[in-house]
Structure formats: C-alpha cells, structure tokens
Amino acid sequence: MSTVLDIVASAGLWAAVLRIATPLIFGTLGALLCERAGVLNLGIEGIMTFGAMIGWLAVYHGADLWTGLLVAALAGAVFGLLHAALTVTLGLSQHVSGLGVTLFASSLSYYLFRLIVPLAGSPPTIVPFQPIAIPGLTDLAFVGPALLTQTPPTYLALLLALVLGYVVFRTPLGLAIRMTGENPHAAEAQGVNPMAVRYGAVMVGSALMAVGGAFLTLSAFNSFFPTMVQGRGWISIALVVFASWRPGRALFGALLFAFFDAFQLRLQTAIDGVPYQVFLMTPYILSIVALCVMARRARVPQALMQPYRRGER
Amino acid sequence: MRFERREHRPLALVILTPLLAVAAAMALSGLLIAAAGAPVLEAYWRILVGAFGSRLSATETLTRATPLMLTGLAAAVAFRARVWNIGGEGQFYLGAIAVAAVGSRLLADAPGFLSIPLLLVTGAVAGMILLIVPLWLRLKFSVDEVVTSLLLNFVAVLVVSMLIDGPLKDPLAFGWPQSQAVPDAAMLPKLVARSRLHWGVGIALGLAFVVHFVQSRTVFGLKSRAAGLSPEGAIFAGVPLARTLLLVACLSGGLAGLAGAVEVMGVKGYVTTDLSPGFGYSGIVVAMLAGLHPLGVVLAALFTATMFVGADGMSRALKIPTYIADVTVALSLITMLVAVFFAQYRIRR
C-alpha cells in the first residue's frame, strides 16, 4: 500500500502522465473529428506510424522540429484525402477502407524509412523537443516538476482539446460538422455540403493523428523504429467511444488512461514476481473495459459509417 | 458526376476485377521501386523467379501460402456475415501456443494418429475462444468488434510472450524466449522431401472446399449470408441472429487458430513471438482480394505468398527493402476495393 502512495505522490508520475497522454490526445481528437462528421477512420494506426516516420525523417534531414510536425500533419492530411476518397466519394465500407489505409501507410513508412536510412547497428537519432520552463511557475513545489516540465507539443495538445471543444459546440462550423454526422440529408437541406464537410473533417482529423505519431519520434523518443506506435491508434478509437464523442471528455479519457499506464509502469518496478507482460497488457484490456462501460450509454453520431449519396435515402 | 448501380455484371468483369486490381497495385508500387532507382520490370521478374524459380522456392511459396489460406478463409467467412474479425493475428498466436502447450505436455507420448487431430482441434478451439469474446461483447454491450478484436491481438501476443518466458519456456533454448517443442510424432508429415512443405497445405485446400460447400449449400451458410446482407431482414425471416453470428465466430476464429496450429506442427515445431509475419492481417487482404469467395482465397493467398517469398530474393539482389511486398499487398487491398466498386457501379454525369 505504501508503494502505491509513494508512486502517486511522486512528481515523476504526473509528468509521465502528460507525456504518455499527448499522442493519445492528438489521436483521439483526430478520430473524434472524423467521427463527428460521420466517418470512422481506422487508418489512424497507420497514419500515426507515417507521421512518426516522416516527421522524424524531415528533422533528420535538417528541418527544425516544428517543420517536422508540419510535414507530418500534411502527410496525415494526404492519407485523410485517400480515406475520404474511398469512403465519402465512393461510399465504400469504412471498416475495410480504414484497415487498407492503415496497412498501406504503415508498410509505406517502413519501406521509405529502410530505403532512406539503411540498417545500422544503432538507429540514428535526432535532438528532440526539450521541456520548456515557464518562468516562476516551474519552480513551484510539486506542481512545477509534475505538470509544467513538458515539451511544447504537449501544451499544444492540451490547448487543442479546448479549441476543438469550442469549435465543435460553439461555432457554425462545428454545427455543420455535427449535423453532417447526425443527418447529412438535413445538413444538405440547410445549405451545408456534407461531402465537403466530411472531406475537411477527415483530412484535418488525419493531420492531427499524424502529429500524435510525430510526437513519439520528435519528443517522447529521438528515433524511429517499426511497430513503435504499439496500438495507440486503436486505443484512441476506443477512447473516442469512452469520451462519448466530446473533446473535453476525450482529454479527460486520455489523461485517465495515461495515468493508469504511467502507474503500471512504476508498479512494475516496485512489485516482484508478476511477469512484466501482465502490466503491458493493461492498456489494451483497460480500453476494452472502457468500451464496454460506455458503449451503451454513449450517443453515437447517427450517420456514423453511413455513406452519403445525394438524393438517395 | 454520380454513380449508378449496374443492372447485371458480366462474368468477364467479375473475373477481371481482381486481376486489374493487382495490376494497378503493382504499377503503383512500381513507382516506389523506380524511386529507389531500381529497374521495375526486372524487380518483378526477380520476385517471380524468387517465388517459383526452383523446386525449393516453389515449395517455400506454398508453405507460406498455407497459413494465409487459413487466415484468409477466417476473414472471408466472418466478413460475409459482417462479423468484423480483425483479430486473426491474435487467434493465430493463441492457436499456436495452445498446440505447443498441449503437445509438449499432455500429448508428449501419444502416437501421431491420435495427437495430430487432437492438436489441430486444440488450436482451432483456442482461436474460437478469442473471437467469441469480442462477439459476445458486441451482442451484450453493442461494442464494435473491430476495435476489441484488434486490441485482443496485442493481448494475445503478450500472453504468448509471457508463457514462453515462463511455464512453457524451453530450457534448452539458450535463454531465448521460445516454447517447448511439440513431439516429432505430432508434426505434420512432409509433402515434399527435403523442403519445408507439409500436409498443412492439403488441410487448407480441403477446408477451402468445405467452407465453399458450407456457405453455398447449407442452411447455416444461407443464414450467415443473410445475417451479413441485412440483420433486420434476417431476424424478420426467422434467422436466430445471435446464434448464427456465434457459429460464424466459431468458424472464423477456429480457422485462424488452426492456421497457428498448422504453422507450429508443419514448420517450426515450437512458438516464438515472431512466428507470424502478420499472417492475421494479411489474411484480411487475402479475403478481400478473393471477393470473400472461399476458393478465391486459395488464389489470393498464393499471390500474397508469391509477393512475400519473391521479395526476399529480389530485395537482396536489387537493394530494395523487403517491405515493398507489404506495400504491394496493402495497395492491392485498396485497388481491389475501388475495382469492386467500379464493377458494381457505372459513372453517370
């Protein structure tokens, strides 16, 4: 019991929570935006992988870190365009198209990475984002080292959750997005172009996913290696359901999830005799539990996974 | 521009669709090969030679196609009934480790005629169990089985990793996490001497025909297709939806688990965490390329295996990453989706 208290009382835990949550916040918000407009984007896992790869590659070749994030976002938007073309224009199965995008984006990441960076003993590294100190605040006892020693993309993720919450619920654009996800026919009757809204939402959402992936190589680690995304995309998809498609709750869900993850990592070193794999399993099992708890209660966008064809019911 | 459903589809179009899709995918990944500065046509020629150029490579391609046929069938029967089983990878691993556990413990001294069928069933049951969980969650809590079956893949691999690092660890493997081996008597006999090709390929081929028969000629097949076409309609027609979907899950999970069992009993004899180079995920592509048709799965699995086996030799000769095979296979899933769409719809202005 005392170990548990020690862990919770350590500033390092809370700093880790924010760090672990960052890619999940980007991923969840990106997936949420797509789904609010009525498109399930299972391309997320591959798009995050590609973002991680291309962002790292840009920085490795001399771009600065912010340009790396931007390159990742643009690449994500391109994959979003592909997913939108398949699911919005052609109206294909969103499940299968998304898996296709994931398989394509991740295998392309590995191919390009291997092509440009030949196999070496130790993987090449870059200088990642450094934590920024906020004058006066970072020196505070506990709160400072716990919460205010993050890298810039983490603050960006927190800000983004607030901005997206505002846009979705408080602006005409957000209304158009939600209408398209609930009832595209009604949206069209109101002068909204559902196709355009879906394209926009999927491309911007995919860009956010790719930034979440790029955080892994540009801030959390300093190199790229295959399978580094480790299911974070799928966990994000589960978190969207857990969050009931609300950006504020998505932020909360990602933080809660990251708390459990950071906690189990520390518990692993504190407790002997339990195989480490049991701890590694917890994020995935937690996601499944979260889905079961929330799936019935959550308000699903009514037109999610339904292709829209003008003049067809 | 709008799309209009074709009133009837000529047979030539149906057969041409996957061929066009594969050609388009190969043209697109040809661009990537060209970007790497390698001759595209030579690269594809080398892939073909690498996969079929010698007795050894041809048997190797068939060996690689065997688990792909089974995971492809697993995805095809599930998708037909709109059970989105993306957990083939996890089911494969659970089937494999179940075989290693039972084979090295309970059936260590059993004769082959007894242990081989029992172990095949063991693998299939393990796979079934792993798919029944997400399906039950869907029926009970209306949780999308795509995400749950995907997440269970990670759990299954970690379970395998835990077992081969713990109770099932082979003490003679120099500290490598590797499971104890199944006894020699439980290994599937070789089909071709001095190669890795084993009787599993016969099992996979036979099952493709069995699944085809079940889907096209039995009441269960009809029910499962009805459940996929329209769940509401199926219920209205008196199909017990939950039970039908459960049976579909058993069939699908069983096939994927069997793939793991066959791979252990035919090729490796033991389990490691890199037993599968993504057989479960590739199975999804195989099923889609086959248009979810069980016999088409055999051909699609052969194509996929050709790419993977052939790319090994090609990449060594032309200095191109082997991942080009994964790219081509993933691209062919996307081009197949588009091709199927244009086989069903025509463009109207």
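Numbers restart at 1 for each chain; the letters A, B, ... are given by sequence-line order, proteins then strands. Only heavy atoms go into these numbers, but all of them, side chains included; no hydrogens, no water, no symmetry mates.
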I'd like to know which of [options] tops the heavy-atom pair count under 4.5 Å against chain A.
options                        : answer
B:V340, B:D144, B:V285         : B:D144
B:V327, B:N153, B:V338, B:V155 : B:V327
B:T148, B:V157, B:L150         : B:L150

Side chain, backbone, both or neither: which part of [X] has a non-hydrogen atom closer than 4.5 Å to chain B?
X      : answer
A:Y276 : side chain
A:L115 : both
A:P226 : side chain
A:I116 : neither

Report yes or no: is the cationic atom of A:R309 (NZ for Lys, CZ for Arg) closer than 6.0 Å to the six-membered ring centre of B:Y345, at no more than 45° off its axis?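 Cation-pi check for A:R309 and B:Y345: passes.
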
What's the separation between atom NE2 in A:H95 and atom CZ in B:F79, rounded to the nearest 0.5 Å?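 Taking NE2 in A:H95 and CZ in B:F79, the distance rounds to 9.5 Å.
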
Within this structure, what is the CG-CE distance for the pair B:L152 and A:M281, rounded to the nearest 0.5 Å?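 One finds 11.0 Å between CG of B:L152 and CE of A:M281.
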
Can you list the residues of residues 284-292 of chain A that sit under 4.5 Å from chain B, counting heavy atoms only?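 So far as heavy atoms go, A:Y284, A:I285, A:S287, A:I288, A:L291, A:C292 are the residues that approach chain B to under 4.5 Å.
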
Who in residues 236-243 of chain A is close to chain B, using a strict under-4.5 Å heavy-atom cut-off?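 Expected list: A:I237, A:A238.
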
Derivation of the side-chain contact (heavy atoms from CB on, under 4.5 Å) call for B:F3 and A:T89: CA-CA 10 Å; B:F3 303 110; A:T89 302; 4.3 Å; yes

With heavy-atom distances below 4.5 Å as the criterion, would you say the side chains of [X] and [Y] are in contact?
X      : Y      : answer
B:D165 : A:Q277 : yes
B:W84  : A:S93  : yes
B:L331 : A:L108 : no
A:L90  : B:F342 : yes

Report, in residue-number order, which members of residues 312-326 of chain B are under 4.5 Å from chain A by heavy-atom distance.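 When heavy atoms of chain A are the reference, residues 312-326 of chain B contributes B:I320, B:P321, B:Y323, B:I324, B:D326 within the under-4.5 Å range.
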
Using a heavy-atom cutoff of under 4.5 Å, enumerate the residues of residues 31-39 of chain B that contact chain A, numbered in order, or state 'none'.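 The stretch touches chain A at B:L32, B:I33, B:A36.
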
A:L99 versus B:L333, closest heavy-atom pair with distance: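 Smallest heavy-atom distance, with atoms named: C-CD2, 4.5 Å.
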
